[in-house]
Amino acid sequence: MNRRIASGSARGARLLAGMGLGAVAARAAYVALTRRPPGLNGLPGEEVWDRTNHRGEPVTLLEGPALVAGAAAAGLLAPGGTGRTRAAALLAGAASGILGGYDDLAGTASSRGFKGHLGALARGEVTSGAVKILGIGATGLAAAALAGSPAPTRRGRAFDTAVNGVIVAGSANLMNLFDLRPGRAIKVGLLAGTPLALARPSAAVAAAPLGAAAALLPEDLAERAMLGDTGSNAFGALLGLAATRLGRGPRLAVLGGLVALNAASEFVSFTKVIAANPVLNKLDMLGRRPVAAPRPATSAADKPDMEDAFRPHVPPQPGPAGNGVAADPA
């Protein structure tokens, strides 16, 4: 009995240490990045990362890189993980963040969702979203293979790698789909990630990104910053990787839920579903500023897209076409 209590106390201490490291590292990264925003292609950092949101106020995309950096640093330093798990987490978080960052900085809104991006690819048009979808899919499989499987047979290990790869990639995409309102993606991640943090097999992976996201939530809710594709893809991928440490039964249940939600997003607006449910809407509005009234439309072309009302407004960017930030979540 005493041994069991001691084991539980040690596991709780490791969890708190991982979350604490993630929070401290993410805040430090955010302060450093916003103090001196990194430039790109000769453009000053403010012009690269700053956008104007639906209220006409400045918002920075540097919350995403701060989450990626904080989760990566804490994942390497936090106690409790194996070498393979740490390497897989670094790959899943960093690669998903880089691919999301590419879509943030080089994407356009010409295509949306799996259907839009893959349809464009079938026509010979390579969109930034298609690059991200294919890249995160490959990253998910690579991270799953690196993390390994306890299955005793080669066929079992191959099956686990395929399932786990889809979970990592599906989680990365799904989290991005919730990044349409201030704080929403982080709230969803905290709610989904808490059971993973409390489960022994997945706690070591879940702790760092949960701590990093929680530390950045005030900036997101205050509409000073947003995760963007960089942060939401990385956050989702890391929580997906944590879920792959569960037993086969729970993993298959997670896989089914992810496939269903990602498929439903092609036909259903999550924002409308949340707004129509009093409980979900109350959680969604918790800690947020009151919703701004939309500007009156002067013509059909001026009518605001309410699904993207809380995404940053993308001003025209200098240089060749395609240097703006993608407003679509896929």
Side-chain angles (χ1 to χ4, degrees), residues 38-41 43 48-49 51 61-65 67-69 71-72 88-146 161-162 164-180 185 226-241 258-259 261-263 265-266 307-308 311-312 314 316-330:
L40 182 68
N41 295 333
L43 295 175
V48 174
W49 299 100
R51 297 293 181 268
L61 294 170
L62 287 170
E63 180 186 341
L67 184 143
V68 175
L90 181 62
L91 174 61
S96 296
I98 290 171
L99 288 162
Y102 166 70
D103 204 18
D104 273 336
L105 299 181
T108 67
S110 59
S111 300
R112 296 173 182 268
F114 282 111
K115 183 187 295 185
H117 291 301
L118 297 182
L121 188 62
R123 297 190 301 270
E125 178 187 352
V126 181
T127 65
S128 60
V131 171
K132 189 180 71 169
I133 289 170
L134 297 176
I136 288 180
T139 294
L141 288 173
L146 186 57
T161 297
N164 294 348
V166 175
I167 288 175
V168 173
S171 297
N173 187 69
L174 184 62
M175 189 62 69
N176 192 200
L177 296 176
F178 284 111
D179 189 36
L180 288 174
M226 64 178 293
L227 287 176
D229 291 10
T230 306
S232 58
N233 283 145
F235 190 27
L238 287 168
L239 293 183
L241 182 65
L258 288 171
V259 170
L261 287 171
N262 275 287
S265 71
E266 297 289 322
E307 182 68 18
D308 289 337
R311 302 289 281 184
V314 185
Q317 298 292 316
N323 287 336
V325 167
D328 59 309

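Remember, predicted model here, so these are calculated numbers, not experimental data.
From Glu266, atom CD reaches atom CG of Leu177 across 8.0 Å, with rounding to the nearest 0.5 Å.
For the pair Asp229 (side chain) and Asp103 (backbone), a donor-acceptor distance under 3.5 Å is absent. Looking at Asp179, its side chain does come within 3.5 Å of a backbone N or O of Gly228 through a donor-acceptor pair.
With sequence neighbours excluded, no residue satisfies side chain to side chain donor-acceptor pair (under 3.5 Å) with Thr139. For Leu258, the side chain to side chain contact (heavy atoms under 4.5 Å, CB included) partners two or more places apart in sequence, or in a different chain, are Ile167, Ser171, Leu174, Val254, Asn262. Listed by chain and residue number, Leu238, Leu241 satisfy the side chain to side chain contact (heavy atoms under 4.5 Å, CB included) test with Ala89 (two or more places apart in sequence, or in another chain).
A 4.5 Å side-chain heavy-atom check between Val68 and Pro65 finds every atom pair outside the cut-off. When side chains are defined from C-beta on, Asn233 does not count as touching Leu99, because their heavy atoms never get closer than 4.5 Å. Residues Ser232 and Leu67 are not in side-chain contact: their nearest non-hydrogen atoms beyond the backbone lie 4.5 Å or more apart.
Looking at every heavy atom in both residues, Ala92 comes nearest to Ala237 through O-CB, 3.8 Å. Here the closest non-hydrogen pair linking Ala88 and Ala143 is CB-O, 3.5 Å. Ala234 approaches Gly93 most closely through the heavy-atom pair CB-O, 3.4 Å.
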Kindly determine whether Ile136 and Asn173 satisfy side-chain contact (heavy atoms from CB on, under 4.5 Å), including the steps that lead there. CA-CA 9 Å; Ile136 288 180; Asn173 187 69; over 6 Å; no
